[in-house]
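Structure first, then comments.
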Amino acid sequence: MDDASDKPVSRNFIQQIIDADLAAGKNGGRVHTRFPPEPNGYLHIGHAKSICLNYGLAKEYGGKFNLRFDDTNPAKEEQEYVDSIVDDVRWLGADWEGRMFFASDYFDQLHAWAIQLIKAGKAYVCDLNAEEMRTYRGTLSEPGKDSPYRNRSVEENLDLFTRMTAGEFSDGARTLRAKIDMASPNINLRDPVMYRIKRAHHHRTGDKWCIYPSYDYTHGQSDSIEGITHSICTLEFENHRPLYDWCCRELGIHHPQQIEFARLNLSYAVMSKRKLLQLVQEKHVDGWDDPRMLTIRGMRRRGYRAEAVRAFCERIGVAKFNSTIEMAWLEDAVREDLNICAPRAMAVLRPVLVTLTNWPAGKTEVFDVPNHPQNPELGTRKVPLSGKLFIEADDFMEEAPKQFFRLKPGGEVRLRAAGIIKCDEVVKDAAGAVTELHCTFDPDHSRKVKGTIHWVDAATALDAPVRLYDHLFAVENPDDAPEGKTFLDNLNPSSLETITAKLEQSLATAAPGDRFQFERLGYFYTDPVDSRPGAPVFNRTVTLRDTWAKEKGR
RNA sequence: UGGGGAUUGGUGUAACGGUAGCACUACGGAUUCUGAUUCCGUCAGUUAAGGUUCGAAUCCUUAAUCCCCAGCCA
């Protein structure tokens, strides 16, 4: 992509469309995209795909990218959501260069255009209520019937629309409708609603309006006003494109091209705003930023970096096929990113005490340990050892299979960066559970030993809460629930486990937002909300690949 | 049901009438003071059936399956 190789770079279907438009001289060679969220919820990874797509295209073609809020329904929209969206889009790294707009910025213009359409005989005020309108609309297989109000005169429509605007009628009493075709096989064209009466306080326009334009009547014109060239949206709007085109055409304004792509689906996750909201409201998760949520805020708090999310969005591609990406892809992208930048440290999640029987009493040795095996620039840190230490319970097996090359009775294993220990004695409690291991320590580093394990010095260990996260859902497709069950029945009961871990001393100064690889375990994020100075709390971002666990599973 | 889309290895995604490629997974191996990382290799695919063509994932026909639309939501 960046070198002079003559290998053809593969282009997705949207890039191909833009290439063709540019070749044909469309839009004077401009490329201008936008991300148009409705401020009625928090952004999730599906939105990240759209943001990366739109922003990426603008950047690639030297064009522009706008952030525009589609705020035409005051009943659902709130400033809180606007703020969070702005913050999340910025975090992701998309730069709108000051072009942040609101559909509500265009309400006056939209209203003027509505009058223009009424005058042109293309719109009329309809007195049908919601239920009647549904009846008149027909069904998928039967055409609709014309509204009895369809042929009102321009003067009457103008008068009625003016009075609608002035607040003379009650909510839902009348609508302004586009006069298109009640017999159209595309239901969206059966005289769709342009304006509805709705007395609701708007987060930006306050109580100025009691009528609000519909999405269909707003979106294309908003794009048009902003000079958008390629209006990229998801597949479910494909059926709306004729209406999008109708608005721009009838108004005779700049006509952006709507292009639809398949929204993102991920295994072990749900993506619909409604379901995410339900998870939060019914407290199946701990808020929008619960690290198990695939909201941008959740991923942030989990410890994902924007780089990883972007790399993921790049990798999954763009197409019109409704696909489901494996969760492992996301996790891989996160590992790949963190592997490069996360300093290493040692922590023991499920400790077993080890006493070094030949350790000189009172002695403490301090090792200088590299923070990254492949990147010396990350420096070193001091790690003490003083005769008693913790190792991971999983790293000891009393009756170990041959392939197990960690610690076993009579066996040897390397203590990372310190030396080699040999297990001489296993101490058990009355119930037969292992409580302590007696080992001898050999400081000789040069010998080859098959296994290397992590450890934490007992004398200086720091106890800290660590949250171990797993998929929020136990099954690949949470929506696939049996009769009478819902996606909630597919929640993974062990998606969160909080433990108290033993951490190496250096971690006491971890700052909120710091990321580490706890060697052989995974990547961990210093929780920015719950951590206190000297008392960090860690969230497991993602585990390391574990081929041993896989082996065991066989 | 009328209409609109879609279908390429396990998962994604290219190939636009001329050798089905790439990535991830899986599997095997090498390196390794993280069973991590890194490196090498292997398996594996055009929804089906016809047709056009010297040649079809690509064009035509028929069929199958999946998704979207009957909000005064977006």
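No experiment lies behind these values; they were computed from the predicted model shown. Below, chains carry the letters A, B, ... as their sequence lines are ordered, and counting in each starts from 1.
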- Query: If you take atom types as modelled and just measure distance, does the side chain of A:His454 reach the base of B:A36 with a donor-acceptor pair under 3.5 Å?
  - Reply: no
- Presence of A:Arg134 side-chain N/O under 4.0 Å of B:C72 phosphate oxygens OP1/OP2: no
- Any side-chain N or O of A:Lys550 less than 4.0 Å from the OP1 or OP2 oxygen of B:C27? yes
- Would you tell me if any nitrogen or oxygen in the side chain of A:Gln16 comes within less than 4.0 Å of OP1 or OP2 on B:A15? yes
- Message: So, OP1 or OP2 of B:U13: does either fall under 4.0 Å of a side-chain N or O from A:Ser323?
- Response: yes
- Query: Is A:Arg11 near enough to B:C16 that one of its side-chain N or O atoms lies under 4.0 angstrom from OP1 or OP2?
  - Reply: no
- Note on the structure: Using Watson-Crick geometry (N1-N3 plus N6-O4 or O6-N4) or G-U wobble (N1-O2, O6-N3), each under 3.5 Å, B:G50 is paired with B:C60
- Note on the structure: Separation between CD (A:Glu399) and CE (A:Met397), nearest 0.5 Å, reads 8.5 Å
- Any side-chain N or O of A:Thr72 under 4.0 Å from OP1/OP2 of B:A74? yes
- Query: Expressed in angstrom and rounded to an integer, what is the separation of A:Met164 atom CE from B:C72 atom P?
  - Reply: 13 Å
- Item | Any side-chain donor near an acceptor of the partner, A:Gln517 and A:Tyr523, under 3.5 Å | yes
- Do A:Arg381 and A:Asn371 have side-chain N/O donor and acceptor atoms under 3.5 Å apart? yes
- Task: Using whole Å, report how far NE2 of A:His219 lies from C1' of B:A74.
- Result: 9 Å
- Query: How are the rings of A:Phe69 and A:Phe102 set to each other: parallel, tilted or perpendicular (split at 30° and 60°)?
  - Reply: parallel
- Query: Does A:Tyr215 lie flat on the base of B:A74, that is, centres under 5.5 Å apart and planes under 30° off?
  - Reply: no
- Ignoring backbone atoms, test whether A:Thr547 places a side-chain nitrogen or oxygen under 4.0 Å from the OP1 or OP2 oxygen of B:A36. yes
- Between the side-chain atoms of A:Arg241 and the base atoms of B:G4, is any donor-acceptor pair under 3.5 Å? no
- Let me know the distance between OH of A:Tyr244 and P of B:C69, rounded to the nearest Å. 20 Å
- Atom CG of A:Asp394 to atom P of B:G35: distance rounded to whole Å? 13 Å
- What about the rings of A:Tyr195 and A:Phe107, do their centers lie closer together than 6.0 Å? no
- Message: Would you say A:Lys320 places a side-chain N or O within less than 4.0 Å of OP1 or OP2 belonging to B:U7?
- Response: no
- Query: Just to confirm, is there a sub-4.0 Å distance from OP1 or OP2 of B:C72 to any side-chain nitrogen or oxygen of A:Arg137?
  - Reply: yes
- Syn/anti label of B:G55 as read from its glycosidic torsion, with the cut at 90° from 0: anti
- Reference residue A:His454; test side-chain hydrogen bond (donor to acceptor under 3.5 Å, both in side chains); the match among A:Arg416, A:Glu392, A:Glu519, A:Arg344: A:Glu392
- Rounded to the Å, how far apart are A:Asn239 CG and B:G2 C1'? 12 Å
- Sugar-phosphate, base or nothing in reach of A:Glu142, heavy atoms under 4.0 Å: nothing
- Message: Is there a side-chain contact between A:Arg196 and the phosphate of B:A74, meaning an N or O under 4.0 Å from OP1 or OP2?
- Response: yes
- B:G35 OP1/OP2 closer than 4.0 Å to side-chain N/O of A:Arg520: yes
